There are 2 protein chains.
Amino acid sequence: MKAAINLFGERGYENTSVSALAKAAGIGKGTIYSYFSSKNEILLAFCEEELAFVYKEIQSRLDPNASLADKMLLLLMSQFRFITRNKAFGRTLLREMTFPKEMTIDKSRKVEEKFLELFVTLLQEAQQNGELSQHLELTITGGHFYSLYLMALSAWYSGRLLTKEDVQETLELMIEQTLTGLIPREKNAS
Amino acid sequence: MKAAINLFGERGYENTSVSALAKAAGIGKGTIYSYFSSKNEILLAFCEEELAFVYKEIQSRLDPNASLADKMLLLLMSQFRFITRNKAFGRTLLREMTFPKEMTIDKSRKVEEKFLELFVTLLQEAQQNGELSQHLELTITGGHFYSLYLMALSAWYSGRLLTKEDVQETLELMIEQTLTGLIPREKNAS
DNA sequence: TTAAAATCTCGACCAGAGTCAATATTTGAA
DNA sequence: TTCAAATATTGACTCTGGTCGAGATTTTAA
């Protein structure tokens with residue numbers, strides 16, 4: 001893991017071969033494969049550590065008095081900025097996290113769960129404030145916001161959204177829409 | 001392309017090497033790479049044809065009198081069933097479609113655009129029916145439903161949703177939530 | 001008709017992910 | 001202490017995606 005942190009950080013994920021990793025760690029390549037099932041799983045493990053740190057960051061920045069929409073936007077954008085810090089790196093990670101192979105499902109689930117927890121915490125607070133309907137199943141609702149995050153990332157990687165500002169705007173709009181709904185309301189939301 | 005359709009269909013994408021493809025097509029491997037920029041792009045081209053067919057299917061099955069929610073569910077589930085017909089195949093395709101490399105962005109955009117069009121068509125109809133707020137930017141709203149689709153697929157590939165029935169239930173709930181919104185309403189929707 | 005330029009085709013070659021049988025080390029029972 | 005069974009380590013090897021320069025083919029224009 002130390003070798004991974006060094007080399008991935010230095011040359012990036014794609015430009016680091018497993019052999020190089022093994023040499024840097026002073027072990028044989030085969031040994032690596034007896035601890036990780038694939039190169040991607042090393043990446044996942046690497047991110048587990050990084051993400052724990054990012055989550056702490058986010059939680060400390062959350063203004064408890066802000067609206068749910070604002071908090072959600074902060075959460076999504078922080079995560080977005082982290083993951084796209086290095087484009088190729090983020091892509092590989094997202095591919096493996098979002099559509100994992102059987103081989104890496106466990107690790108990927110674990111990382112994802114941590115992320116979903118953040119949503120649920122936020123939503124619980126909002127529900128207590130009355131900002132959110134009481135009858136919602138929060139895991140599902142968490143998934144709902146998670147889906148916006150995936151969408152934004154996909155749009156970014158496909159070039160449909162070009163700048164971080166575009167992403168932020170789109171997310172803002174979608175969060176708003178998610179909260180108020182798409183069908184006509186008799187009363188306008190405040 | 002003919003060789004691809006045969007071999008991918010027969011042995012699957014992962015088990016078909018580019019060399020095998022070349023041999024089956026009776027051309028050199030290098031020649032393939034002067035028409036496609038990567039193996040994944042062959043997959044994308046392969047799917048362009050398949051998907052056009054699926055879209056026709058879907059549109060013919062849509063009952064014009066059904067509610068937007070029902071139509072949307074049909075659309076998402078049809079697509080879901082198609083893509084997960086072969087798990088590994090779908091995974092590779094989704095990875096490349098959702099988080100494409102610069103190399104394949106064009107192809108992937110093209111395929112995706114066709115898919116998004118379906119959403120927009122549906123939404124336009126709904127807007128005319130008064131089932132949808134007038135002031136919505138439909139591209140964004142289309143993206144909104146697209147995001148639910150991604151989410152469902154991700155949950156399926158991660159094993160958070162295990163059966164197609166789970167997926168359908170979750171999508172149903174989320175579509176409902178998307179339409180009515182998450183914040184409390186004074187009046188219940190009819 | 002011809003030959004130079006532009007384009008296309010090819011497969012030997014390279015690099016890197018992942019395998020596996022051989023070897024080294026550790027464990028534990030007598 | 002001993003040695004056999006269990007476990008861990010290793011790097012040579014395989015397989016495949018992708019590259020590239022050499023050579024074949026087509027186009028163009030005189």
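All values reported here derive from a predicted model rather than from experimental measurement.
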Distance-only donor-acceptor check, side chains B/S108 and B/E96, under 3.5 Å
no

Between C1' of D/dT16 and CZ of B/R11, the distance in whole Å
13 Å

When all nucleic acid strands are considered with a 4.0 Å heavy-atom cut-off, which category describes B/F36: base, sugar-phosphate, or nothing?
nothing

Can you measure B/Y35 atom OH to D/dG18 atom P for me and round it to whole angstrom units?
18 Å

Count the heavy atoms of every other residue, nucleotide or ligand shown that sit under 6.0 Å from NZ of A/K23, and state whether that count exceeds 12.
no

Before you tell me yes or no, could you show the steps for B/L68 and A/L182 under side-chain contact (heavy atoms from CB on, under 4.5 Å), namely the whole-Å CA-CA distance, both residues' side-chain angles and the distance that decides it to 0.1 Å?
CA-CA 11 Å; B/L68 175 59; A/L182 301 175; over 6 Å; no

Closest non-hydrogen atoms of A/T98 and A/L150, given as atom of the first, atom of the second and distance, are OG1-CD2, 3.8 Å

Looking only at the aromatic ring of each residue, does the gap between the centers of A/Y149 and A/F119 stay below 6.0 angstrom?
no

Find every protein N or O atom lying less than 3.5 Å from an N or O atom of nucleotides 13-17 of chain C, and list the pairs.
{"from": "C/dA17", "atom 1": "OP1", "to": "A/K39", "atom 2": "NZ", "distance (Å)": "2.7"}
{"from": "C/dA17", "atom 1": "OP2", "to": "A/V18", "atom 2": "N", "distance (Å)": "2.8"}
{"from": "C/dA17", "atom 1": "N7", "to": "A/K29", "atom 2": "NZ", "distance (Å)": "3.3"}

Whole-Å distance, B/K23 NZ to D/dT16 C1', equals 14 Å

Ring centroid separation A/Y146 to A/F115 under 6.0 Å:
yes

